[in-house]
Enquirer: 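Encoded as structure tokens, here's the structure I'll be asking about.
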Amino acid sequence: MMKTWKRAGIAAGLSLSLILAACGAEEDEEDTTEGEIPEDTEENGADEGSDEEAAGNIGEEVDYTITGIDAGAGVMAAAEQAIEDYELEDWSVQPSSSAAMTSALDDAIANEEPIIVTGWNPHWKFAVHDLKYLEDPEGSFGESEDIHTLVRNDLEADMPEAYQVLDNFNWEGEDMEEVMLEVNEGTEPEEAARTWVDENEDMVSEWTEGVEEVDGEQITLAFVAWDSEIASTNVVATVLSDLGYEVKTNSMEAPIMFGAVAEGEADAMVAAWLPGTHEQYYNDYEGEFEDLGANLEGAKIGLVVPEYVEADSIEDLQ
Ligand code: PBE
């Protein structure tokens, strides 16, 4: 299953990069006309010239397109909200996938082309590339977020051991990024999670302290194939399987993940970004799951660009 989405992601990434390459080519032609005064400088007056010019360019250069991820992601809804809040009528958000977005980002950076993506952290991309969030004075992307663990309502009674581990599971952004980085370097997620668990026995033993082993009971974790949640879900799966569980990790769309836990088709998820990113899904099913609180604090979503992009704020896209 993992293989399928990866391949689909790469295919989508390729077509995106072809589009970007095509845009880049047009713009190169314009750039070669040396000494020509860009049209909008004259129109906008000398004072505002450089800001407006940068903004005008970035819009044209990326074809007024924000490179997005899966349509169900909260960051996609927030990006649509930003288009409304900042009156960016000409702009649109292109849905793709977490994997296709990062491969489009890699390609753009390799060619020093501009790109704007729906981004978040914890994420390995900040360790690999020089990136920045566009400032968001309107707050379309909300403030700092926590990632919560949600379990089905009867889990504590049915699987007290797993419940305890899920309740204790708690780590930092940099822990998650370690796992993500390794996966990005080509290690299978299960293997990267195994390495992390083996190297962090102290932390893991806090999650499993006093928890009895079980004998092959089945447990299902729901997740979405976002790089961050591939990391967390595989780490929790490894810890549970070390306790004797037979763990299934099921990847699905974001709204379905919330529904699966609410309806008891999945036992748990460690991927609820709150209060903003998944507010809608959380409210849709509130009362039908148990919220075990934050497993990671200080996460963030927003629009992300390479450092060399001249825009600093979403306002610069206007
Ligand atoms: N993300 C990663 C998700 C939550 C985790 C930011 C892409 C989202 O936007 O829904």
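We count ligands from 1, going down the list as the structure has it; atoms in each ligand are counted the same way.
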Enquirer: Using a 4.0 Å cut-off to any heavy atom of Thr277, which atoms of ligand 1 qualify?
Expert: 8 (C), 9 (O), 10 (O)

Enquirer: May I ask whether Met76 places a heavy atom under 4.0 Å from ligand 1?
Expert: no

Enquirer: Checking the side chain of Asn184 only, and the main-chain atoms of Met180 only, is there a donor and an acceptor separated by less than 3.5 Å?
Expert: no

Enquirer: Between Trp207 and Trp196, what is the ring plane arrangement, given parallel below 30°, perpendicular above 60°, and tilted in between?
Expert: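 Ring orientation, 0 to 90° scale: parallel.
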
Enquirer: Looking at Asn111, Asp106, Leu105, which hits side-chain contact (heavy atoms from CB on, under 4.5 Å) with Ile109?
Expert: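 Among the candidates, only Leu105 passes.
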
Enquirer: Which of these, Gly68, Ala78, Ala299, Gly74, has its nearest heavy atom closest to atom 8 (C) of ligand 1?
Expert: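 When every heavy atom of Gly68, Ala78, Ala299, Gly74 is considered, Gly74 comes closest to atom 8 (C) of ligand 1.
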
Enquirer: Specify the protein heavy atom at minimum distance from atom 1 (N) of ligand 1: its residue, its atom name, and the distance to 0.1 Å.
Expert: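 Of the protein heavy atoms, Trp120 CD2, 3.9 Å lies nearest.
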
Enquirer: Note the single closest protein heavy atom to atom 9 (O) of ligand 1, along with its residue, its atom name and the distance in Å.
Expert: Val75 N, 2.8 Å

Enquirer: Please determine whether a side-chain nitrogen of the Lys or Arg among Asp242 and Arg194 lies less than 4.0 Å from a carboxylate oxygen of the Asp or Glu.
Expert: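 A salt bridge links Asp242 with Arg194.
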
Enquirer: For ligand 1, which atoms, with element, lie under 4.0 Å from some heavy atom of Ser228?
Expert: 2 (C)

Enquirer: For the residue pair Trp171 and Phe169, does the interplanar ring angle fall in the parallel (under 30°), tilted (30 to 60°) or perpendicular (over 60°) class?
Expert: tilted

Enquirer: Is it true that Lys125 and Asp227 make a salt bridge, defined as a side-chain N closer than 4.0 Å to a carboxylate O?
Expert: no

Enquirer: For Trp273, run the side-chain contact (heavy atoms from CB on, under 4.5 Å) check against Lys300, Glu229, His148, Glu279 and tell me which one passes.
Expert: Glu229

Enquirer: Mark up the atoms of ligand 1 that fall under 4.0 Å of a heavy atom belonging to Glu229, in ascending order.
Expert: 2 (C), 5 (C)

Enquirer: If you count the atoms of ligand 1 from 1 in the order shown, which ones are under 4.0 Å from a heavy atom of His278?
Expert: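 Numbered from 1, ligand 1 contributes 4 (C), 8 (C), 10 (O).
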
Enquirer: Provide the number and element of each atom of ligand 1 under 4.0 Å from a heavy atom of Ile301.
Expert: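 Answer, ordered by atom number: 6 (C).
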
Enquirer: In the protein, what heavy atom is nearest to atom 7 (C) of ligand 1, and what distance, to one decimal place, separates them?
Expert: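 Sorting protein heavy atoms by distance from atom 7 (C) of ligand 1 puts Ile69 CD1, 3.3 Å first.
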
